[in-house]
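Heads up: numbering here begins at 1 and tracks the sequence. Atoms considered below: every heavy atom in the structure, side chains included; atoms not considered: hydrogens, waters and symmetry mates.
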Amino acid sequence: MGVFLSAVDYFQRGGVCMWPLLACSLVVVIIGVERYLYYRESISDTKFILAFCRLLNDSQVEEAQALAASSRGSAARIAGAMLPERKHLGGRFASVVYARVDRSIEELHRYMNFLSVVIGLSPMLGLLGTITGMMSSFNALNERVQNPIGVTAGIGEALITTVFGLCIAIVGMCIQAYLSARIKGATLDMDEMAGAMIDEAEAEKEKA
């Protein structure tokens, strides 16, 4: 309870800029949690990609399709949906596969731009709070009567907003780095899977 009351006290002393900083912190947390849960369900395991490509390289198409059907993630869904269509689509198979992969990758990038904006905006809001806090301190110093409380309040506002803005940006950067790494790994896996399916389709076409 004491920690909560201290946080509320700091928030109140931070001034008006603390409200947009609070909104930024909520955005960072919400995007981080939502993307983590989405990636956990949407990104196929790398072990599946390696096993699937190995089966296709060995021309074990039925086994590869069964593996895709029993696996989870967008890569497995794409493989399970597109592999049976390789003969019907003919020369359009490669373009359709890459279109599906590109849409899936685009979905992985959703909200990442918002996260980048918040990471850049938070320190700027902290700096704005610093400026307004110092202005309050200077106004208190310019008063004819002694006003030490006004001076210290302005300095406190300046420091608090700076600290909160930097903390939000640091946490946001850590979350962005983690999510970007997941996106990069998933992109490489899906490109490898798409290439294996296209190679198998081309090999079957040459046999025919």
Using side-chain heavy atoms (C-beta onward) and a distance below 4.5 Å, is R86 in contact with V61?
yes

Starting from V171, can I reach Y178 by hopping between I/L/V/M/F/W/Y residues whose side chains sit under 4.5 Å apart?
yes

dist Q60:CD -> L56:CG (nearest 0.5 Å) comes out at 9.5 Å

Do you know the tightest heavy-atom contact between A75 and M190?
CB-CG, 3.8 Å

ring-ring contact (aromatic ring centres under 6.0 Å, His included) involving Y39 - partner list, sequence neighbours excluded:
none

I'd like to know if L188 and I78 are part of one continuous hydrophobic network [Ile/Leu/Val/Met/Phe/Trp/Tyr, side-chain heavy atoms within less than 4.5 Å].
no

With hydrophobic residues grouped by side-chain heavy-atom distances under 4.5 Å, do V33 and V118 end up in a single group?
yes

Are S42 and L108 packed together at the side-chain level, in the sense that at least one heavy-atom pair is separated by less than 4.5 angstrom?
yes

State, with a plain yes or no, whether a side-chain heavy atom of I175 is found less than 4.5 Å away from one of V28.
yes

Picking from L128, L22, L127, L125, what satisfies side-chain contact (heavy atoms from CB on, under 4.5 Å) with C17?
L128

Using modelled atom types and a 3.5 Å cut-off, is there a donor and acceptor pairing between side-chain atoms of S44 and backbone atoms of R72?
yes

Looking only at atom types and distance, does a side-chain atom of S71 sit under 3.5 Å from a main-chain N or O of A68, one as donor and one as acceptor?
no

If you take all heavy atoms of G120 and M124, which pair is closest and at what distance?
O-CG, 3.4 Å

List in chain and number order the residues that pass salt bridge (charged side-chain N to carboxylate O under 4.0 Å, His left out) with R100, two or more places apart in sequence or in another chain; answer none if no residue qualifies.
none

Gap between atom CE of M173 and atom CD1 of I168 - 0.5 Å precision
14.0 Å

Answer whether the closest heavy-atom distance between the side chains of E192 and L50 falls below 4.5 Å.
yes

Minimum side-chain heavy-atom gap Y98-I198 below 4.5 Å
yes

Is it true that V27 and L166 fall in one hydrophobic cluster, defined by side-chain heavy atoms closer than 4.5 Å?
no

Got a second to check how far S122's OG is from F164's CZ, nearest 0.5 Å?
12.0 Å

Checking side-chain contact (heavy atoms from CB on, under 4.5 Å) for the pair I43/S74: CA distance, chi angles, key distance, verdict?
CA-CA 6 Å; I43 295 179; S74 57; 6.0 Å; no

Does any non-hydrogen side-chain atom of N57 lie less than 4.5 Å from one of F52?
no

When rounded to the nearest 0.5 angstrom, what is the spacing between CD in E200 and CZ in F93?
9.0 Å

Would you indicate whether the side-chain heavy atoms of F114 and V117 approach each other to under 4.5 Å?
no

Taking salt bridge (Lys or Arg N to Asp or Glu O under 4.0 Å) as the cut-off, I'd like each qualifying pair that reaches into residues 104-115, sequence neighbours left out, listed once.
E107-R110

Which heavy atom in A194 sits nearest to a heavy atom in V97, and how many Å separate them?
CB-CG1, 3.6 Å

Between the CG atom in L115 and the CD1 atom in I30, the distance rounded to the nearest 0.5 Å is 12.0 Å

Side chains of I183 and M112: does their closest heavy-atom pair fall under 4.5 Å?
yes

Looking at S180 and A177, would you say the former's side chain and the latter's main chain have a donor-acceptor pair under 3.5 Å?
no

To the nearest 0.5 Å, what is the distance between CG on L21 and CG on L26?
11.0 Å

